Amino acid sequence: MKAINPHMPRRLPLTALALCLACAHAAWADGAPADADPGYGWGVGGVVFPRVRAYKDFRHKTEVFPMVTYENAWVRVFGPGLEFKLGQAGPVAFGLTLAYGADEGYQAKDSPTLAGMADRKASFWVGTRVAWRTELAQLSAELAGDASGNSKGQKLKVGVERRFDLGGFGIAPRAQLSWQDQKYVQYYYGVEQSEARSGRAAYQAKGTLNTELAVRLDYRLVPNQTTFVDLGVTRLGSSIKDSPLVDRSTLPMVRVGYLYRF
């Protein structure tokens with residue numbers, strides 16, 4: 001698989017997603033147990049995780065979120081994400097996605113470093129997704145655009161995951177590449193000329209590529225109840241690391257959750 005160029009054109013046609021079939025799958029939703037067969041119907045639960053951001057002096061805190069899942073032959077719902085299934089061609093499935101970027105954006109009050117910055121808003125993202133299940137791993141790729149018009153940016157995610165079933169336990173290592181275009185990075189990590197201050201120079205960002213390595217551990221208490229722990233680390237792309245708002249090169253990730261399926 002060829003490496004993704006972090007300085008690729010700002011706008012990508014959605015049809016380019018078809019070229020990503022050899023790329024990755026980060027489970028059908030981050031933080032969910034990667035069961036071989038998630039099944040149809042409803043599920044409820046919750047996730048606990050520390051909210052760690054790349055910004056300097058950011059006020060990190062632990063978050064607790066309810067989790068709602070639903071799936072049938074036409075739609076899949078997981079928390080803030082929604083996918084409309086468009087059909088399959090053999091082992092390859094296609095879908096339209098809608099998601100809310102809950103981990104994006106900030107308010108100037110979140111950190112002394114951000115004082116004087118205009119607030120950055122989280123966005124709704126609309127995109128297309130391709131998932132390919134093979135005997136060796138689950139592969140997927142998703143291209144999404146900012147439907148809210150806040151950043152006017154685009155994101156491309158590709159990854160690979162393999163779940164190993166160990167009786168009631170499961171372990172699912174995964175890897176993911178996430179490309180973010182110049183508009184996205186500038187909106188969330190750039191500094192406009194009007195926002196420049198002593199110790200915070202104006203900064204014009206470029207498109208960049210983040211890399212994530214993670215593993216999910218799950219345990220099935222009974223057939224319809226599952227607990228899970230998701231551990232990972234994301235290496236930030238150079239255009240984010242070079243921002244005067246940022247003092248990290250990597251972001252740790254820990255999620256602990258429970259899911260009850262009806």
Side-chain angles (χ1 to χ4, degrees), residues 4-32 38 40 43 47 65-89 92-106 118-133 138-161 174 176-190 205-210 212 234 237 239-240:
I4 299 174
N5 182 354
H7 306 300
M8 62 201 301
R10 295 182 182 180
R11 306 297 292 181
L12 290 174
L14 293 180
T15 53
L17 189 59
L19 300 178
C20 301
L21 293 179
C23 310
H25 177 60
W28 52 276
D30 288 343
Y40 289 172
V47 181
F65 278 102
M67 185 168 58
V68 178
T69 71
Y70 176 73
E71 183 172 3
N72 62 21
W74 306 103
V75 67
R76 178 185 293 117
V77 178
F78 187 93
L82 172 66
E83 179 178 355
F84 296 98
K85 301 177 183 180
L86 299 180
Q88 292 192 208
V92 181
F94 302 87
L96 295 177
T97 60
L98 173 64
Y100 180 67
D103 290 335
E104 298 170 339
Y106 59 77
D119 293 347
R120 301 310 201 251
K121 299 178 180 179
S123 294
F124 284 96
W125 295 85
V126 175
T128 58
R129 181 173 182 271
V130 173
W132 182 15
R133 179 171 296 194
Q138 297 181 70
L139 313 171
S140 75
E142 181 179 351
L143 178 65
D146 184 351
S148 302
N150 295 323
S151 68
K152 301 180 175 63
Q154 288 190 329
K155 302 186 294 186
L156 174 64
K157 296 189 296 184
V158 297
V160 60
E161 177 170 345
R174 70 178 184 272
Q176 178 173 275
L177 300 177
S178 177
W179 175 81
Q180 299 158 348
D181 74 355
Q182 184 272 337
K183 291 183 178 180
Y184 177 98
V185 183
Q186 178 62 25
Y187 182 70
Y188 290 112
Y189 300 99
K206 300 178 181 179
T208 199
L209 182 69
N210 298 333
E212 176 188 314
T234 297
S239 192
I240 295 177

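All heavy atoms count here, side chains included; hydrogens, waters and symmetry mates do not. Owing to the predicted nature of the structure, the values given are computational and were not obtained by experimental measurement.
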| query | Of all heavy-atom pairs between K183 and K152, which one has the smallest distance, and what is that distance? | reply | CD-O, 3.4 Å

| said: Distance check, rounded to the nearest 0.5 Å: R76 atom CZ versus Y40 atom OH? | reply: 8.5 Å

| field | Partner set under side-chain contact (heavy atoms from CB on, under 4.5 Å) for Y100, not counting sequence neighbours | value | P80, A102, A122, F124

| Residue pair T128, T97: steps toward the side-chain contact (heavy atoms from CB on, under 4.5 Å) verdict | CA-CA 6 Å; T128 58; T97 60; over 6 Å; no

| Short question: side chain of Q186, backbone of A205 - any donor-acceptor pair under 3.5 Å? | yes

| request: Supply the atom-to-atom distance L156 CG to W179 CH2, rounded to the nearest 0.5 angstrom. | output: 7.5 Å

| Is any NZ, NE, NH1 or NH2 atom of the basic residue among K85 and E71 found under 4.0 Å from an Asp or Glu carboxylate oxygen of the other? | yes

| field | Test side-chain contact (heavy atoms from CB on, under 4.5 Å) applied to D103 - qualifying residues, sequence neighbours left out | value | R255

| query | Who passes ring-ring contact (aromatic ring centres under 6.0 Å, His included) against F84, sequence neighbours left out? | reply | none

| message | Please enumerate all residues that pass side chain to side chain donor-acceptor pair (under 3.5 Å) together with D146, with sequence neighbours excluded. | response | S123, S151

| task | Could I get the full list of ring-ring contact (aromatic ring centres under 6.0 Å, His included) partners for Y187, not counting sequence neighbours? | result | none

| query | Going from CD1 on I240 to CG on N210, what distance comes out if it is rounded to the nearest 0.5 angstrom? | reply | 4.5 Å

| query | If you look at every heavy atom in Q180 and V185, which pair is closest and at what distance? | reply | O-CG2, 3.8 Å

| Heavy-atom closest contact (A147 atom, V126 atom, distance) | CB-CG2, 3.6 Å

| query | How close do V92 and F94 get, heavy atom to heavy atom, and via which atoms? | reply | CG1-CZ, 3.7 Å

| remark: Residue set satisfying side chain to side chain donor-acceptor pair (under 3.5 Å) with E104, at least two apart, ordered chain then number -> W125, K155, Y184

| Non-neighbouring partners of A118 that pass side-chain contact (heavy atoms from CB on, under 4.5 Å), sequence neighbours left out | R120, E195

| If you take all heavy atoms of T208 and S239, which pair is closest and at what distance? | OG1-N, 3.5 Å

| Rounded to the nearest 0.5 Å, what separation is found between the CG atom of L143 and the CZ atom of R129? | 13.5 Å

| request: Can you sort out the partners of T234 under side chain to side chain donor-acceptor pair (under 3.5 Å), two or more places apart, ordered by chain and number? | output: none

| message | For the backbone of G153 and the side chain of D181, can you confirm whether one donor and one acceptor N or O come within less than 3.5 Å of each other? | response | no

| message | Within this structure, what is the CG-CD distance for the pair L96 and E142, rounded to the nearest 0.5 Å? | response | 10.0 Å

| message | Would you say that V77 contacts T69 through its side chain, given a criterion of any heavy-atom pair below 4.5 Å between the two side chains? | response | no

